[in-house]
Amino acid sequence: MEVLKSRLIVRPRDAVATTAFYRDTLGLAVEREFPGGTVFFLGHGALEVSGRGEAGSSPDLVLWLQVRDLAGTLAELKAKGLEPVRDAQREPWGLDEAWIADPDGTRIVLVEVPEGHPIRTDTR
């Protein structure tokens, strides 16, 4: 699977306080703002797997992975025995998304940015 960009999505209990924490306390630069949310720069994204957890997955945590070819990626994953939690579909915000889950049940959103979408930067 070729991952082009990743984003960790946090679903806060208090959006105002959480946004202020990342923006003002940590000083993260704002990539963009939209009604109901703010996206912060985190470099190229990262995911570390280490240690041992006790609680398992949280529905408040979603890993967002942008891929070049969503259909091809899903076909590769299905060939390996991984069935999606939700098949690909075009979302109201214009992105093509499918959902899979890791062994703990953490939701992973695979995203393809279609041609012509305003956030598409790779023209291949």
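This structure is a prediction, so every number in the text was calculated from the model and none was measured.
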For the atom pair CZ (R68) and CG (L4), what is the distance rounded to the nearest 0.5 Å? 4.5 Å
In Å, rounded to the nearest 0.5 Å, how long is the span from CG of D102 to CZ of R107? 12.5 Å
Could I get the full list of salt bridge (Lys or Arg N to Asp or Glu O under 4.0 Å) partners for [X], not counting sequence neighbours?
{"X": "D87", "result": "K78"}
{"X": "E33", "result": "none"}
{"X": "R86", "result": "E91"}

Can L95 and H117 be said to form a side-chain contact (heavy atoms from CB on, under 4.5 Å), step by step? CA-CA 8 Å; L95 299 176; H117 193 282; 3.7 Å; yes
So do [Y] and [X] actually touch side chain to side chain, heavy atoms under 4.5 Å?
{"X": "L63", "Y": "L65", "result": "yes"}
{"X": "I108", "Y": "V62", "result": "no"}
{"X": "K5", "Y": "V3", "result": "no"}

T106 backbone acceptor or donor facing D104 side chain under 3.5 Å: no
Does Y22 belong to the same Ile/Leu/Val/Met/Phe/Trp/Tyr cluster as V16, with side-chain heavy atoms less than 4.5 Å apart forming each link? no
Suppose we screen for side chain to side chain contact (heavy atoms under 4.5 Å, CB included). Which residues come up paired with [X], at least two apart in sequence or across chains?
{"X": "T73", "value": "M1, V67, L77, L110"}
{"X": "R90", "value": "D96, P114"}
{"X": "V39", "value": "R7, E31, R32, F34"}
{"X": "A88", "value": "L70, L74, A98"}

Which atom of F40 lies closest to which atom of V30, heavy atoms considered: CE2-CG2, 3.9 Å
Can you give me the closest heavy-atom contact between A101 and L82, atom names plus distance? O-CD1, 4.4 Å
